[in-house]
Amino acid sequence: MPISPGPIRKRRRQVAIATWLALLAAFVLVPLGGGVAAAAPTAPSVLGHLAERYQLTLLEPTNGGFSSTALGLNEQGDVVGVTRPTSSAQPQQTVLWEKHDDHFHAHELANLDGSRFSRGFDLNDAQQIVGEAFNAAGNSIPIRWQGEEAPWTVALNEAGTGLLNDINEAGVAVGTASGRAVALNADGSVRLLDPPGPAEATINNLTATTIAEGDVIGGRVSLTLPGQSGSELFAVVWEADGPRLLTTPAGASAPTVAGVRADGVAVGSATSGGLEIALLWDSTGSPLELAAAELADYPHAAAKAISGGVVVGQSSKYAGNTSFGGAAIGWDSTGAVELASLVVDLPDGVVLQSASDVNQAGHIVGTATTPAGTRGFVLTPVPSQPAPSVEIVDFPAQFVDGAPTTLTAQPAPALPGASYSWEIQPAGSSGWLTIRDAAGPVTGAQLTITPQRAWDGYLVRVALLDGDGDRLAVSAAQEIRVALASPTEPGLHILGLAGHYHSNGPISLTATLTPTELAGATYRWSIERADQSQFQTVDGVTGAELVLTAEQALDGAQVKVECLLDGVVQAVAQPVLIEVDDHGAAAPQQLAISGETEWSEGETITLTAIVTPATMLDRYQWFWRTAGSDAAVPIPGATSATYAFSAGVELDQAAITVAVVTEHGAIAYGTSPEIVLSVLKAAGGQPLDGSSDGTRLAGTGGPSLSLGLAAGAALLVGIALIRRQSGQLKKARIS
């Protein structure tokens, strides 16, 4: 019984990755010539996903013909296939169905003079089509078309026989002539593909069936191995470094490659236990049997093409033949699916028998039976409808105590007749409460609330409901921040204070003089942080509004404002207290050091601390750790954002760090990751490492250092040491 990585999906369903892994563990692989088997590929890492739904287009025969078949398609969605005017095998002509937005325009392509049979297998975006035709003697000859132009033959061998199976976007086609695999280059030159396998093996037959971008080619070879009397078939892939044989699963035989990706992943089929099985080989050549369709009377399976993460092919009653019954199958990372089950409004009597090709956009082509006869088909992915969502729009940054405020829910997409459930969560609680009015729960798209100071820190959200009251979506929770209402008593007041703030959030305070403002008045704002012993004037702000960016260093800070007229204080507001609460999260401020790391003895080293996001703190502490020491120590007096000092040889390999500190010297943000200095002996002195020129070059590359924006996150910066003509080094800069 073949081993399958996942079940068939008559209707789309998911298969857990654990199921894949458990089944892969039981899959035995035997490489050519014996030895340890390669690990089976994990299909979810190789494959992607089929679309959830497809729209079906049936391709009508040209000129009122009897039947049509779709064989290949390009990335633009153009399709190539064949049509027959009667039920007879001949005459047969190639058709180009050119995609035009929502329909296809059919072009019946001419046959060669004297020929009654042609078959175009594939095409690229330039509408270069390759295939075969029968000559007067009934032999296959390679043939090409350029769009609707007349066909021409190409000489793959002296006899002019053979066929072309596939073509890539670069215009390189592959096929077979005289039992050898050939590539037809875009310039018309022909090259024989190198034979794979042991040098002592006899090549009986070599076929190239498919090509991807980068001239990655797949096919099959018949070999007689040393010491064997009979021939054996192997799947083969050619890449830039030559051909490689693909592993045949244990107990299987006669593998072939039908489709290949540019990364060397290939698909095809083999025979095992009397059944045709679908196979996928990963880029190392290790095989995985793809699930056979669990469809009555269709025990055989074959993969025909791969593009992106989707494989297509067929299940059939008889191996390699769907004429007596079959089903088009798609495989992705979740398993196998009968493609007909994914078609929107599949017409009665239409059976998708086989799938022959797929492109990057997910379009699939193949052959179907219909009440009117055999027809080529195209499956076009139906764009997935986005899941409904809802948000509270124009949510105020601050509410005012006692001031009615209206919140609005906005669904996407718009859902006429939808209802809502508004919910609130008190600060410190983990549960949500439904908001009600006198008539019961609020179900409209708008909610009017009158916030109170005690609501500061509450969360509010809204749920989108369908007609049955089931939840379709829930908005993100928004925090209610309540500021003090306008004062009634005379004097200068600070308005706009919220209960608390989060780092990087805005703090907007306004000075209000009651009962009337003074014409020509200015304002002097002052802040006293928790680490300071007195108020410090905020430079550059003389208006009635103060805007700050919240940061943890401002937690516990007091803000006051004075009203001045002609430089004389008229009124002083009662200070307000700033609370910054990130609910346990670390401060977002990150430190880095900007400067040069390579110096010569006696030069002045200048390093600068960079804080992101910015901070209102302006005091720093620099540290250094000498080579061989485990501990960093503060550098006395190094308390500015910039630190300049003389480069002495004793600082060679010293590690420098910096932190932002409070007025008391406690670390507020940081410390930064270390940078390592390299100080070279001045020209003419004794080299530091025994080299002849005083450089520290230990090969072709220079030292590297770890540098980052946050402790524990290192950015590797390679420093290339390039000597000046003077014998010194160009400095390597970090930032």
Side-chain angles (χ1 to χ4, degrees), residues 55-86 89-113 115-134 140-154 163-175 184 186 209-211 259 304-305 307 312 354-368 370 372-380:
Q55 190 71 47
L56 172 69
T57 301
L58 295 174
L59 302 173
E60 294 299 321
T62 53
N63 300 317
F66 176 78
S67 66
S68 65
T69 299
L71 299 176
L73 80 162
N74 59 20
E75 297 303 324
Q76 297 176 155
D78 303 323
V79 182
V80 68
V82 297
T83 186
R84 293 176 180 174
T86 69
Q90 294 189 35
Q92 176 175 289
Q93 287 183 270
T94 296
V95 178
L96 166 64
W97 286 277
E98 192 172 31
K99 183 169 174 45
H100 293 276
D101 297 326
D102 60 348
H103 69 281
F104 291 85
H105 187 87
H107 305 277
E108 187 177 282
L109 305 184
N111 280 352
L112 293 172
D113 290 341
S115 175
R116 302 180 70 244
F117 180 94
S118 70
R119 180 162 50 181
F121 291 117
D122 206 1
L123 77 167
N124 60 17
D125 284 351
Q127 293 187 347
Q128 297 172 321
I129 302 169
V130 296
E132 66 171 336
F134 287 173
S140 288
I141 56 175
I143 188 172
R144 293 190 63 170
W145 293 265
Q146 176 63 61
E148 302 175 62
E149 297 177 6
W152 71 94
T153 62
V154 292
L163 77 165
L164 293 171
N165 289 313
D166 199 5
I167 187 169
N168 67 10
E169 293 303 325
V172 180
V174 295
L184 176 65
T209 55
T210 180
I211 184 171
K304 295 296 185 181
S307 184
V312 298
S354 63
S356 56
D357 205 357
V358 58
N359 65 12
Q360 289 284 347
H363 301 94
I364 300 170
V365 298
T367 301
T370 76
T374 300
R375 296 289 184 269
F377 70 78
V378 180
L379 296 183
T380 302

So how far is it from [X] [atom1] to [Y] [atom2], rounded to the nearest 0.5 Å?
X    : Y    : atom1 : atom2 : result
Q93  : H107 : CD    : NE2   : 14.5 Å
Q127 : Q146 : CD    : CD    : 7.5 Å
I211 : E169 : CD1   : CD    : 11.0 Å
Q90  : S118 : CD    : OG    : 10.0 Å
T374 : L59  : OG1   : CG    : 13.0 Å
S68  : L58  : OG    : CG    : 8.0 Å

Residue pair [X] / [Y]: nearest heavy atoms and the distance that separates them:
X    : Y    : value
P61  : T83  : CB-OG1, 3.3 Å
A305 : S356 : CB-O, 3.6 Å
F104 : W97  : CD2-O, 3.8 Å
T209 : V174 : C-CG2, 4.4 Å
A106 : V95  : CB-CG1, 4.2 Å
T94  : G120 : OG1-N, 2.9 Å

Next item on the list: Would you tell me whether N359 and S307 have side-chain atoms, one donor and one acceptor, within less than 3.5 Å of each other?
Entry: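 No.
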
With a 4.5 Å heavy-atom cut-off, do [X] and [Y] have their side chains touching?
X   : Y    : result
L56 : L379 : yes
Q92 : R119 : yes
L73 : V378 : no

Next item on the list: Would you please classify the geometry between the H100 ring and the H103 ring as parallel, tilted or perpendicular, with 30° and 60° separating the classes?
Entry: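 The arrangement is parallel - the two ring planes meet at less than 30°.
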
Notebook entry, point to check: Should the pair F117 and F134 be assigned to parallel (<30°), tilted (30 to 60°) or perpendicular (>60°) ring geometry?
Noted result: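 Plane angle under 30°, so parallel.
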
Item checked: With V154, the side chain to side chain contact (heavy atoms under 4.5 Å, CB included) member among I143, I141, L184 ->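 Running side chain to side chain contact (heavy atoms under 4.5 Å, CB included) over I143, I141, L184 with V154 returns exactly one hit, L184.
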
Next item on the list: State whether the side chain of D78 and the backbone N or O of K99 hold a donor-acceptor pair below 3.5 Å, judged by distance alone.
Entry: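 Confirmed, D78 side chain pairs with K99 backbone.
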
Notebook entry, point to check: F121 and L163: side-chain contact (heavy atoms from CB on, under 4.5 Å), yes or no, with the steps?
Noted result: CA-CA 10 Å; F121 291 117; L163 77 165; 3.8 Å; yes

